[in-house]
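Please read the structure below before turning to the comments.
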Amino acid sequence: MSQRYLVLAALFALAVVFFLAGSVTGTLLLVAAGVVTETAFWFNMMQQRRMQRIKVRARRDR
């Protein structure tokens, strides 16, 4: 498994942990941390898809 997928899985798991801890304790800081880590997860996912599209276009243009 690629290191990129491990980072994405870790970000997703961390976001879930923060959301659960924040909802149980009612701490806004933990919920905010969950939002930040989920945003990082989705940003990395979109960046990965963009790179795949660039590679496909480069192959087509050859």
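Keep in mind that this is a model prediction, so the values were computed, not measured. Just the heavy atoms: all of them, side chains too, but no hydrogens, waters or symmetry mates, feed the values below.
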Exercise. State yes or no: do Phe41 and Val36 share one hydrophobic cluster built from I, L, V, M, F, W and Y residues joined by side-chain heavy-atom distances below 4.5 Å, directly or via other members?
Key: no
Self-check item: Spatial distance of atom CG (Leu8) from atom CH2 (Trp42) [nearest 0.5 Å]
Solution: 10.0 Å
Quiz item: Is it true that atom CZ of Phe12 has more than 12 heavy atoms of other residues, nucleotides or ligands lying nearer than 6.0 Å?
Solution: no
Quiz item: What are the two closest heavy atoms between Ala15 and Gly34, and how far apart are they?
Solution: CB-O, 3.8 Å
Practice problem: Rounded to the nearest 0.5 Å, what's the gap from CZ on Phe18 to CG on Leu29? Could you check? | Solution: 8.5 Å
Self-check item: Separation of Leu11 CG from Glu38 CD (nearest 0.5 Å)
Solution: 10.5 Å
Quiz item: Transitively linked via ILVMFWY side-chain contacts under 4.5 Å: Val7 with Met46?
Solution: yes
Self-check item: Heavy-atom pair of closest approach, residues Leu30 and Gly22
Solution: CB-CA, 3.7 Å
